[in-house]
Amino acid sequence: MAELNKVARCYRCGAILQTDDENKEGYISPEIVSKYPEGLLLCNDCFKNERFNTEPKEPHFEESYQTILEQIKESKPLIAYVVDLFSFEGSFITKLNEMIKGLDVLVIANKRDLLPKDIDDEALLEYVAHRLRVAKLEVRDVVLTSSSTNYNIDLMYQKIVELSNNRDVYFIGASISGKSTLITELLKRYQNNTRKLITVANFKNTDLRGYKIPLTDKTSIYELPGTDIHNSLLSKVERVVQNQIAPRKEVKARKFNLHCNNSVAIGGLCVVELLSKTKTDISIYASSGVEVKMKRITGEKYLQSILKKKNIKPCSSRYTLFNEFDAYDFQITEEGSRDIGILGLGWFNFKGNNQTFRIFVPKGVYVYTTRAKVNYAK
Ligand SMILES: Nc1nc2c(ncn2[C@@H]2O[C@H](COP(=O)(O)OP(=O)(O)O)[C@@H](O)[C@H]2O)c(=O)[nH]1
Ligand SMILES: [Mg+2]
């Protein structure tokens, strides 16, 4: 009888995998095939393109933004760098960090209200300090804020006045980190003791504009437009789904005990499977508008079934086919409390114990692993 063999194809581009000719489509190193006989495999090209997407693809830095930063550097201003505590990886931008090194920086870690209330600020400040150390970015101070609950806005204003010390202040950061809202809150407390008016400034040699708020007769607070984050799930889904995945209030942990080959769906947008034998407790942090469910089936089966039945909220009309998703395997070598995050959607926390997770996400969305952001272990 004829034998039917499954033809191995690249998981991403669909090319038929071959080990004979490096210069032809679908080439994959023979070692990989023998190492993962049952694995979902990528051809070498896709592996290079996708697997090494382990840094957020740098937000496209408009040249104009760079031009402004170059210009403002000369006057040695105070930089008020707004980062989003919920979406930290999307708002803490390597390239921006490099550009502001050497300047006086006040980090404003915003959206404190979205993180669990029972975590102390000290722990969050330590997390930010840790990330700053890793990025080798020295800063003058860090303040945790929330425009939604008016948390520490006075303190932020006070620090800006103190640290600016008769210099200009520039609010910078990724879009949606909350710059405009913070400035609006700041304006509620602001008293203009100068002879100047609040205006909108056009930045030289660019088409960018932003608020200019006089601090003293010689100095002002400027709001720079944000830089867009293209590899966030938020920038890939339609408006209704954006509204469901962006949290508006405290995100609460949803806990699951995962066994080998069990999978958890985070909406119809991400499926997490535990590939290794070590049973693992995970706590998922995502907007309450995102349903989270577990099934005792593989991630591939679970995702296929969700795409067919659309029985979990939210599902995006832009990602309806299995091959519109990427699959990443994360082998955890670190111990201690860890996170795996999906930019724009949230993250899950677990204790590192040599696990391997497989994560399915819409193509091009950044998935990362870091030390835990929210850590209950003392
Ligand atoms: N939960 C929460 N949402 C915030 C906070 N600050 C801003 N936002 C929301 O984040 C989104 C982007 O804010 P915006 O100020 O326009 O960000 P910008 O692009 O940096 O100027 C808006 O939907 C705001 O309502 C905050 O402290 N907490
Ligand atoms: Mg804005």
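The model shown is predicted, which means the values in this text are computed figures rather than measured ones. Remember, it's 1-based here, ligands and their atoms both numbered in the order they're listed.
By the 4.5 Å heavy-atom criterion applied to side chains, N110 and S177 are not counted as neighbours. With a 4.5 Å cut-off on side-chain heavy atoms, L137 and K101 count as touching. Between T280 and K351, every side-chain heavy-atom pair lies at or beyond the 4.5 Å cut-off. In this structure, V365 and N231 have side chains that are not in contact, with every pair of non-hydrogen atoms separated by 4.5 Å or more.
Less than 4.0 angstrom separates some heavy atom of A174 from each of these atoms of ligand 1: 20 (O). The distance from ligand 1 to the heavy atoms of S146 drops below 4.0 Å at these ligand atoms: 27 (O). Taking every non-hydrogen atom of N110 and a distance limit under 4.0 Å, the qualifying atoms of ligand 1 come out as 5 (C), 6 (N), 27 (O). Which parts of ligand 1 touch S175 is read off a 4.0 Å heavy-atom cut-off, strictly below it: atoms 19 (O).
Ring centroids of F256 and F348 are separated by 6.0 Å or more, keeping the two rings apart. In summary, the aromatic rings of F88 and Y127 are positioned with their centroids under 6.0 Å apart. Ring centers of F357 and Y328: at least 6.0 Å apart, outside the cut-off. The ring of F47 has its center no closer than 6.0 angstrom to the ring center of Y27.
Considering backbone and side-chain atoms alike, L114 places every N or O at 3.5 Å or more from each N or O of ligand 1. For a threshold of 3.5 Å applied to N or O pairs, the pair formed by G178 and ligand 1 contains at least one separation below that value. Taking any N or O of K111, backbone or side chain, at least one lies under 3.5 Å from an N or O belonging to ligand 1. For a threshold of 3.5 Å applied to N or O pairs, the pair formed by T145 and ligand 1 contains no separation below that value. The shortest N/O to N/O separation between R112 and ligand 1 does not fall below 3.5 Å.
Of all the listed residues (S180, S177, G210), S180 holds the heavy atom that lies closest to atom 21 (O) of ligand 1.
The CD atom of Q304 sits 10.0 Å away from atom CZ of F325, with the distance rounded to the nearest 0.5 Å. Rounding to the nearest 0.5 angstrom, the gap separating the CD atom in E185 from the OG atom in S148 is 8.5 Å.
Looking at atom 27 (O) of ligand 1, its nearest protein heavy atom turns out to be S147 N, 2.8 Å. Of the protein's non-hydrogen atoms, the one nearest atom 12 (C) of ligand 1 is I176 CG2, 3.5 Å. Counting protein heavy atoms only, atom 2 (C) of ligand 1 is closest to S148 OG, 3.0 Å. Protein heavy atom in closest approach to atom 15 (O) of ligand 1: T181 OG1, 2.4 Å.
Distance remark: protein heavy atom not present below 4.0 angstrom from atom 25 (O) of ligand 1.
In F322, the CZ atom is crowded: over 12 heavy atoms of neighbouring residues, nucleotides or ligands sit closer than 6.0 Å.
With a 4.0 Å cut-off on non-hydrogen atoms, D113 touches ligand 1 through its side chain and not its backbone.
Residue S175: no N/O/S atom is found under 2.8 Å from the Mg ion (ligand 2).
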